[in-house]
Colleague: 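Got a structure for you, written out below as structure tokens; questions coming shortly.
Worth knowing before you read on, the calculation uses all heavy atoms, side chains too, and leaves out hydrogens, waters and symmetry mates. We number each residue from 1, following the sequence as shown.
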Amino acid sequence: MVETQQEIEQGVPLPLSEPSSQAVAVLSGLPDGKGIRILDVSAEYVQFWGGERDHWLGAEPKIVHQASANKQLLNQLNSALSCGKLSLGCSMSGLDYADEAPRSNGPRPRIEWRVTVMSMPGYADNVLVLVQCDITKRVEEEAELKRLATTDMLTGLMNRSRFDHLLKHELGRLNRYVRPFSLIMLDIDYFKAINDSQGHDVGDQVLRALATLLEANLRTADYCARWGGEEFMILAPETSLKQAAQLAEKIRQRIGRAAFPGAERVTVSLGVTEAAANDTPKSMMKRVDNALYQAKESGRDRVAC
């Protein structure tokens, strides 16, 4: 029976009955240099790939699910062994995606694998030790943490931190490729009055409904974020000032005609600006904020550029 990676390094045998989170296989090149074969496998390796333990002894190992990719990896290993390029401690690693999810609504398993040249008790020559670990849950947890870190919890839109990152990215594209883009900043008119008269629960419902309406009326390439409080920000790639003003006016009209839960007619004021050469995030934000202020000072429920 093979050992786990830690116990391999320590030279301590692993009892057959002891569970492990890793699938392990001991591999070796054939004497004639024409392939890689399995010398021993752990119970987890058998559980992962199916079949019986005896079926795998002497068989060609599976490192990844896709047959062509697996064959290529084995050829690389065999070639390196034949040429004497794999010395003690050398390793190669990668990620593998199962061909399909075990359930139609579940994620495809993601497998992290590593093949390392080791010296093991009981084997005269150095062997290849394949260790495979299912990291699907870890990847899902990391993705969820990233989503939480970049999402506004109330509206589900991206948050200010994520939007700042996108703005810097678009400014970089502008400087490299001279591609236009515009910003639209909108603010709900008299939102404080909604909170004061109807309560914060109604105010939160209005914010969520407005976020849904914005997403429904933006183009696929546009980005929308809750900027803070009752303020929202839209980044419109490949969009001139004139086009962005037209988009802002469409949004203003849609919001003005929409029904919001627990509130009378809701209106918004919008400021629009186009990115210019040598702009910084700070300069763009100041300009779009000034445009929004102009819309507010001009009577609200309007677009200012």
Colleague: If the threshold is 4.0 Å, N to carboxylate O, is there a salt bridge linking D289 and K286?
Modeller: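 Salt bridge between D289 and K286, a charged N being under 4.0 Å from a carboxylate O: no.
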
Colleague: Could you walk me through whether H165 and S161 pass the side chain to side chain contact (heavy atoms under 4.5 Å, CB included) test, one step at a time?
Modeller: CA-CA 7 Å; H165 175 80; S161 174; over 6 Å; no

Colleague: Only distances under 3.5 Å count here; give the side-chain donor-acceptor pairs of residues 193-216 to other protein atoms, sequence neighbours excluded, each with its distance to 0.1 Å.
Modeller:
| unit_1 | atom_1 | unit_2 | atom_2 | d |
| --- | --- | --- | --- | --- |
| D196 | OD2 | K192 | NZ | 2.7 |
| S197 | OG | A193 | O | 2.7 |
| T212 | OG1 | R208 | O | 3.1 |

Colleague: Exactly one of L270, V303, V272 should register a side-chain contact (heavy atoms from CB on, under 4.5 Å) with L186. Which one does?
Modeller: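 Answer to the side-chain contact (heavy atoms from CB on, under 4.5 Å) test with L186 among L270, V303, V272: L270.
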
Colleague: Using the side chain to side chain donor-acceptor pair (under 3.5 Å) rule, pick out the option among Q253, R254, K250 that qualifies with N217.
Modeller: R254

Colleague: Working note: I251 + E249, criterion side chain to side chain contact (heavy atoms under 4.5 Å, CB included); need CA distance, chi angles, decisive distance, verdict.
Modeller: CA-CA 5 Å; I251 292 170; E249 178 60 23; over 6 Å; no

Colleague: Apply side-chain hydrogen bond (donor to acceptor under 3.5 Å, both in side chains) to Q132 and W49, showing your working.
Modeller: CA-CA 11 Å; Q132 296 165 317; W49 292 106; 3.2 Å; yes

Colleague: Could you tell me which residues satisfy salt bridge (Lys or Arg N to Asp or Glu O under 4.0 Å) with R179, sequence neighbours excluded, listed by chain and number?
Modeller: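 Partners of R179 under the salt bridge (Lys or Arg N to Asp or Glu O under 4.0 Å) test: E238.
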
Colleague: Go through it in stages, so that I can follow the logic: the residues are S269 and R252, the test is side-chain hydrogen bond (donor to acceptor under 3.5 Å, both in side chains), and I'd like the CA-CA distance, side-chain angles, deciding distance and then a yes or no.
Modeller: CA-CA 7 Å; S269 300; R252 185 193 70 80; over 6 Å; no

Colleague: Please report the C-alpha distance between S91 and R114 in whole Å, then the side-chain angles of each, then the deciding distance to 0.1 Å, and finally whether the side-chain hydrogen bond (donor to acceptor under 3.5 Å, both in side chains) criterion is met.
Modeller: CA-CA 7 Å; S91 66; R114 179 179 292 273; 3.0 Å; yes

Colleague: When Ile, Leu, Val, Met, Phe, Trp and Tyr are grouped by side-chain heavy atoms lying under 4.5 Å apart, directly or through other members, which residues fall in the same group as F181?
Modeller: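 Besides F181, the cluster holds M158, F163, L166, L167, L171, L174, L183, M185, Y223, W227, M233, L235, M284, M285, V288, L292.
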
Colleague: Examine F48 and L128 and state if one hydrophobic cluster contains both, with Ile, Leu, Val, Met, Phe, Trp and Tyr joined whenever side-chain heavy atoms are less than 4.5 Å apart.
Modeller: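 F48 and L128: one cluster.
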
Colleague: Looking at CG of L81 and SG of C90, how far apart are the two atoms once the value is rounded to the nearest 0.5 Å?
Modeller: 10.5 Å

Colleague: Consider only side-chain N and O atoms of T151 and R162, and report whether a donor and an acceptor are under 3.5 Å apart.
Modeller: no

Colleague: Scan side-chain atoms only and decide if D152 and T155 contain a donor-acceptor pair under the 3.5 Å cut-off.
Modeller: yes

Colleague: Any donor and acceptor pair, going by atom type alone, linking the side chain of S283 with main-chain N or O of D279 inside 3.5 Å?
Modeller: no

Colleague: Could you point out which residue of N70, D96, I111, I36 forms a side-chain contact (heavy atoms from CB on, under 4.5 Å) with I63?
Modeller: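 By the side-chain contact (heavy atoms from CB on, under 4.5 Å) criterion, I63 pairs with just one of N70, D96, I111, I36: N70.
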
Colleague: Do T267 and D189 meet the criterion of a side-chain donor-acceptor pair at a distance under 3.5 Å?
Modeller: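 D189 and T267 do have a side-chain donor-acceptor pair below 3.5 Å.
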
Colleague: Side-chain heavy atoms nearer than 4.5 Å, only ILVMFWY residues, links allowed to pass through others: does that put L154 and V268 together?
Modeller: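 Hydrophobic grouping puts L154 with V268.
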
Colleague: Does the side-chain hydrogen bond (donor to acceptor under 3.5 Å, both in side chains) test come out yes or no for D134 and T136, once each step is laid out?
Modeller: CA-CA 6 Å; D134 189 335; T136 309; 2.5 Å; yes

Colleague: Applying a strict under-4.5 Å side-chain criterion to I, L, V, M, F, W and Y, I'd like to know whether I234 and Y293 cluster together.
Modeller: no

